[in-house]
Enquirer: 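Quick one: the structure is below, and I'll ask about it shortly.
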Amino acid sequence: MEQAKEKLRAFLARHIAGRTIADEDQIFAAGFVSSMFAMQLVLFLEKNFKIAIGNEDLELKNFQSINAMAELIERKTVHSQNGSNS
Amino acid sequence: MELTAEQQRLRTAFREFADAQIVPHANAWDRAERMPAEVVRQLASKGWLGAVLPADCGGAGFDMVEFGLLNEELGRGCSSVRSLLTVHSMAALTMWRWGTEAQKAEWLEKLGQGQAIGAFALTEPEAGSDAREIRTEAVASGDDFLLSGHKKWITFAQIADLFLVFARSQRGLCAFLVERNTPGLVISPVNGMLGTRASMMAELHLEQCRVPKRNLVGAPGFGLSHIASSALDCGRYSVAWGCVGIAQACLETCLEYTGRRKQFGALLRDHQLVQRMMARMVVGVKAARLLCYNAGQLKDAGDPTSMIETSIAKYFACTTAAEIARDAVQIHGANGCSGEYPAERFYRDAKIMEIIEGSNEIQEITIAQNACQEVADKAAIAR
């Protein structure tokens, strides 16, 4: 999970340049992201962690912080592995 | 830019179709402000209305470059036909990306096969570039939502079967699937537009339109940030390629015209000031196409930068198409101002492209802010 957080920190640094984001900071509530950011984040998560974000994942609690996204990635990865084994 | 064998094969098929079925009729459709149903049927029978959907969902299974090539060739023939592909693809891709399993089961194959036509209903009389200001309301009522509001400038709404309608709810902005026959939905045609006049535009009046909660796409609050954003990204990409098509059409018609029209005892193509305009057309078309290829390849790779690169491609392609179309009219002189030649249609259609799917000014803000962010990022790393 720490590796995922590291990647997320690097991605966020590119989009929220000049600010330090702690793992528990509320990214969207802070209001310093562009209108394109939400979908760029979805594409980043899908490409870098080999997961598919769909209808069922659209909850703010999944994307609101680095911690929340790391949990989402873990959950989706485990789910995907279980799915492929079944 | 080298195309794969399959991309080349498809481009040839798209081009032949456009030359045979679209180019000869586009001026007449523009004058009549109508798209014959037969054209929609032909696109559906080719499977091209499912261009953005995977084959196992009833789509054509094209990659994004192939989808782009289709937009270029249809756009070269008629921007109204291309705009059908644009809005239908926006609806289809949204369904595939964000639809529930039940929504997908009901609609994906129909959209992919062109048995149902989709449209995108975001814009309102008071909410254009600032989509956050939409006033259409969705009020929960038992197992339904009641939608009330007014949508304007909705492309192909005159014939669409399914609308992706954006509305404000107590829990934030939402996207809904609204079927054409829903009680309370009144559709009024819009005529007399400057360009893309055969795109069957209409207004939607929603009066206590009862829509089941299961028709909600995505979750409340995600309507703009995810649903509209991903659909508009697809729309911008489609329009960008369509602009390459307009520019290519201008170039081709000018090459033909300047090769037979004589003034001052010489063919127009031998006049240096005409050559300057032609050179700018050649370079502009190639540059716009390369930016579109770049965006398409990034999309196929699932790269997050594909979104900003799509904005850049759209901005460059539509401003280039507008300049090229203006020069095409100039080269044709009075002929270019008449309905006997296609140049004036290209000119009018190109202007529309500078407004839709994010105006030039919105793209400029987006592109500049992104560039500033990159600079700030480099500075932060250097510290």
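Naming: A, B, ... by sequence-line order, numbering from 1 per chain. Because the structure is a prediction, the values reported are computed rather than measured.
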Enquirer: Could you check A/E71, A/E56, A/R75 and say which one makes a side chain to side chain donor-acceptor pair (under 3.5 Å) with A/N62?
Expert: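 Single side chain to side chain donor-acceptor pair (under 3.5 Å) partner of A/N62 among A/E71, A/E56, A/R75: A/R75.
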Enquirer: Could you pull out the closest heavy-atom pair between B/A131 and B/L122, with the gap in Å?
Expert: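 What the structure gives for the nearest pair is CB-CD2, 4.0 Å.
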Enquirer: Of the backbone (N, CA, C, O) and the side chain (C-beta and beyond), which part of B/I227 lies under 4.5 Å from a heavy atom of chain A, both, or neither?
Expert: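 For B/I227, the contact with chain A is made by the side chain alone.
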Enquirer: Using a cut-off of under 4.5 Å for heavy-atom pairs, which of A/Q40, A/M39, A/K47 has the most such pairs with chain B?
Expert: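 The candidate making the most pairs under 4.5 Å is A/M39.
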Enquirer: For residues B/F67 and B/C234, report the shortest heavy-atom separation together with the two atoms involved.
Expert: CE2-SG, 4.4 Å
Enquirer: For A/E59, is it the side chain, the backbone, both, or neither that has a heavy atom closer than 4.5 Å to a heavy atom of chain B?
Expert: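 It is the backbone, since no side chain atom gets that close.
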Enquirer: Return the orientation label for the A/F49 and A/F44 ring planes: parallel under 30°, perpendicular over 60°, tilted otherwise.
Expert: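 A/F49 vs A/F44 ring planes: perpendicular.
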Enquirer: Listed by residue number, which members of residues 300-309 of chain B have a heavy atom under 4.5 Å from any heavy atom of chain A?
Expert: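 Residues of residues 300-309 of chain B touching chain A at under 4.5 Å: B/A301, B/G302, B/D303, B/P304, B/S306, B/M307, B/I308.
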Enquirer: Is B/R97 salt-bridged to A/E46, cutoff N-O under 4.0 Å?
Expert: yes
Enquirer: Does any part of the side chain of A/L45, heavy atoms only, come nearer than 4.5 Å to the side chain of A/L8, both counted from C-beta?
Expert: yes
Enquirer: Please give me the minimum heavy-atom distance between B/A167 and B/L147, naming the atom from each residue.
Expert: CB-CG, 4.5 Å
Enquirer: Should the pair B/H226 and B/F222 be assigned to parallel (<30°), tilted (30 to 60°) or perpendicular (>60°) ring geometry?
Expert: tilted
Enquirer: Only pairs of heavy atoms separated by less than 4.5 Å count here; which of A/L60, A/N55, A/D57 has the most with chain B?
Expert: A/N55
